[in-house]
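Beneath this line is the structure, given in structure tokens, with notes to follow.
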Amino acid sequence: MASPVAPVGGARNGASPEWGGFEENIQGGGSAVIDMENMDDTSGSSFEDMGELHQRLREEEVDADAAAAEEEDGEFLGMKGFKGQLSRQVADQMWQAGKRQASKAFSLYANIDILRPYFDVEPAQVRSRLLESMIPVKMVNFPQKIAGELYGPLMLVFTLVAILLHGMKTSDTIIREGTLMGTAIGTCFGYWLGVSSFIYFLAYLCNAQITMLQMLALLGYGLFGHCIVLFITYNIHLHALFYLFWLLVGGLSTLRMVAVLVSRTVGPTQRLLLCGTLATLHMLFLLYLHFAYHKVVEGILDTLEGPNIPPIQRVPRDIPIAGLPIAVLNATAKAVALTLQPH
């Protein structure tokens, strides 16, 4: 019985060659042997260490959340500040744009350079245009040239104002509302601007090739004949002379304007409507200026209405009775009393 036990123990103690490699590996490999005596009981698997780790993780999460919140707040404040700055810039740009527009609008009326092309004309050109306004053109197959300046027409309107004011003073005209100067300026400028606008509107309807500036210049130079006629007839009160100048001088200036409009209008109906309206208004205006502020008007009114005599007033008068007998007076009184007595 002792013999079979010995080999087993010998084999365990390293006597057997079959198990030699395993025992060498166990005894020689120090890294594979776990020393339980050297292990620390206070390892990371304890409850206290787990609590500290959990607490630390919670603190890190709180810090991360706070950092994220601060970052979001910073982004929100940054976006809000950007929007506020953008709105301020837009408001500033709008203010500057409005300021530039306002200054441009005010400088438009204050800058005289804008009106310079309309009044930049030589006196010799004005003189030649005044003479041409009395000479009707013959060539109406192509559009006639019209002066594009306002210096000559404006001076003619002011001259007509002065002549009309002279006629008002010499005829002892009394203006109940307003003044003589205001009436003269309103009449002349009203005709010039009003009729020019009306004829330009008709020209637009009739498809005539003319602008508002050209219409103002054409009608303004057409007033040169009116100035000549009124200046002569206001100082020489002869009706035959006035009608002669009205037909000759006023008719020539009117024919000049009509010829220019005919050359710029296509169609016989349009020409008749446009030119007939202009000729009628221009000639009637000269008649109005002559007879409205003339001494003959006062004579006509006195003839039609009679002289300004105050109404008859009843004045009590005493009847003389010296030559009548008293009996006759008494008989007359009794007869009147019996007639008035009711039956």
Side-chain angles (χ1 to χ4, degrees), residues 104-162 164 184-228 250 252-267 270-286 289:
K104 185 178 180 180
F106 282 110
S107 63
L108 179 64
Y109 297 99
N111 195 359
I112 197 172
D113 292 336
I114 300 175
L115 301 177
R116 181 176 295 176
Y118 304 109
F119 295 91
D120 189 8
V121 61
E122 297 294 332
Q125 295 179 353
V126 176
R127 182 173 62 251
S128 63
R129 288 169 182 172
L130 289 176
L131 295 177
E132 290 176 357
S133 65
M134 304 297 299
I135 302 174
V137 295
K138 298 180 180 179
M139 301 296 295
V140 294
N141 295 327
F142 58 91
Q144 296 293 324
K145 185 178 179 181
I146 302 176
E149 50 91 11
L150 297 177
Y151 176 79
L154 190 62
M155 293 299 104
L156 284 173
V157 173
F158 279 117
T159 304
L160 186 61
V161 169
L164 185 58
I185 292 176
T187 302
C188 298
F189 276 92
Y191 171 78
W192 181 43
L193 299 176
V195 174
S196 298
S197 302
F198 179 68
I199 298 299
Y200 174 73
F201 176 70
L202 286 181
Y204 176 78
L205 295 180
C206 297
N207 198 18
Q209 299 177 359
I210 190 170
T211 62
M212 185 63 187
L213 177 63
Q214 293 174 344
M215 191 66 236
L216 287 172
L218 182 64
L219 187 63
Y221 277 109
L223 294 175
F224 179 61
H226 287 35
C227 293
I228 295 176
L252 289 176
S253 63
T254 304
L255 285 177
R256 168 73 182 189
M257 294 189 299
V258 167
V260 172
L261 285 180
V262 167
S263 66
R264 289 175 171 267
T265 309
V266 179
Q270 291 83 353
R271 289 178 176 178
L272 181 61
L273 175 62
L274 185 61
C275 299
T277 304
L278 178 60
T280 303
L281 292 176
H282 201 64
M283 296 298 287
L284 290 179
F285 182 66
L286 182 56
L289 292 180

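Because the structure is a prediction, the values reported are computed rather than measured.
Here the side chains of Leu154 and Trp192 are in contact, with some heavy-atom distance below 4.5 Å. Residues Leu160 and Thr187 fail the side-chain proximity criterion, which asks for heavy atoms closer than 4.5 Å. Between Leu130 and Leu156, the closest side-chain pair of non-hydrogen atoms falls below 4.5 Å. The shortest distance between side-chain heavy atoms of Ser197 and Met212 falls below 4.5 Å. By the 4.5 Å heavy-atom criterion applied to side chains, Leu219 and Ile199 are not counted as neighbours. In this structure, Ile210 and Tyr204 have side chains that are not in contact, with every pair of non-hydrogen atoms separated by 4.5 Å or more. Put simply, the side chain of Phe285 does not reach to within 4.5 Å of the side chain of Leu281, judged on heavy atoms.
Side-chain atoms of His282 and Tyr191 form a donor-acceptor pair, as typed in the model, at a separation below 3.5 Å.
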Practice problem: Could you walk me through whether Cys206 and Leu273 pass the side-chain contact (heavy atoms from CB on, under 4.5 Å) test, one step at a time? | Solution: CA-CA 8 Å; Cys206 297; Leu273 175 62; 4.0 Å; yes

Exercise. Give the C-alpha distance, both sets of side-chain angles, the deciding distance and a yes or no for side-chain contact (heavy atoms from CB on, under 4.5 Å) between Asn207 and Gln270.
Key: CA-CA 8 Å; Asn207 198 18; Gln270 291 83 353; over 6 Å; no

Quiz prompt | Residue pair Glu149, Phe119: steps toward the side-chain contact (heavy atoms from CB on, under 4.5 Å) verdict | solution = CA-CA 6 Å; Glu149 50 91 11; Phe119 295 91; over 6 Å; no

Quiz prompt | Audit row: Tyr151, Asp120, side-chain contact (heavy atoms from CB on, under 4.5 Å) steps and yes/no | solution = CA-CA 8 Å; Tyr151 176 79; Asp120 189 8; over 6 Å; no

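With rounding to the nearest 0.5 Å, the separation of CG in Leu261 from CG in Leu202 is 10.5 Å. Of the inter-residue distances, the one linking Leu218 atom CG with Met215 atom CE reads 5.0 Å to the nearest 0.5 angstrom. To the nearest 0.5 Å, the span separating OH on Tyr221 from CE on Met257 amounts to 14.0 Å.
Between Phe158 and Phe189, the ring center distance clears the sub-6.0 Å criterion.
For the side-chain contact (heavy atoms from CB on, under 4.5 Å) with Cys188, the lone residue among Thr159, Leu289, Val157 that qualifies is Val157.
For the pair Arg256 (side chain) and Ile135 (backbone), a donor-acceptor distance under 3.5 Å is present. No side-chain donor-acceptor contact under 3.5 Å links Glu122 to the backbone of Ala124. The main-chain N or O of Gly250 is found under 3.5 Å from a side-chain atom of Ser253 such that the two form a donor-acceptor pair. Judged by distance alone, the side chain of Arg264 and the main-chain N or O of Gln209 form a donor-acceptor pair under 3.5 Å. In this structure a side-chain-to-backbone donor-acceptor pair under 3.5 Å is present from Arg271 to Val262.
Other residues, nucleotides and ligands contribute at most 12 non-hydrogen atoms within 6.0 Å of the OH atom of Tyr118. The number of heavy atoms from other shown groups lying within 6.0 Å of CZ (Phe201) does not exceed 12. A 6.0 Å sphere centred on CD of Gln125 holds more than 12 heavy atoms belonging to other residues, nucleotides or ligands.
Contact between Leu252 and Met134 at its shortest, heavy atoms only, is CB-O, 3.6 Å. Summarising the geometry of Arg129 relative to Val121, their closest heavy-atom pair is NH1-CG2, 3.7 Å, with the distance given to 0.1 Å. Nearest heavy atoms, Pro136 versus Leu255: CG-CB, 3.9 Å. Taking each heavy atom of Gly276 and Thr280 in turn, the nearest pair found is O-OG1, 2.8 Å. Here the closest heavy-atom approach between residue Leu274 and residue Ala208 is recorded as CD2-CB, 4.1 Å. Heavy-atom minimum distance, Ala147 versus Ala217: O-CB, 3.1 Å.
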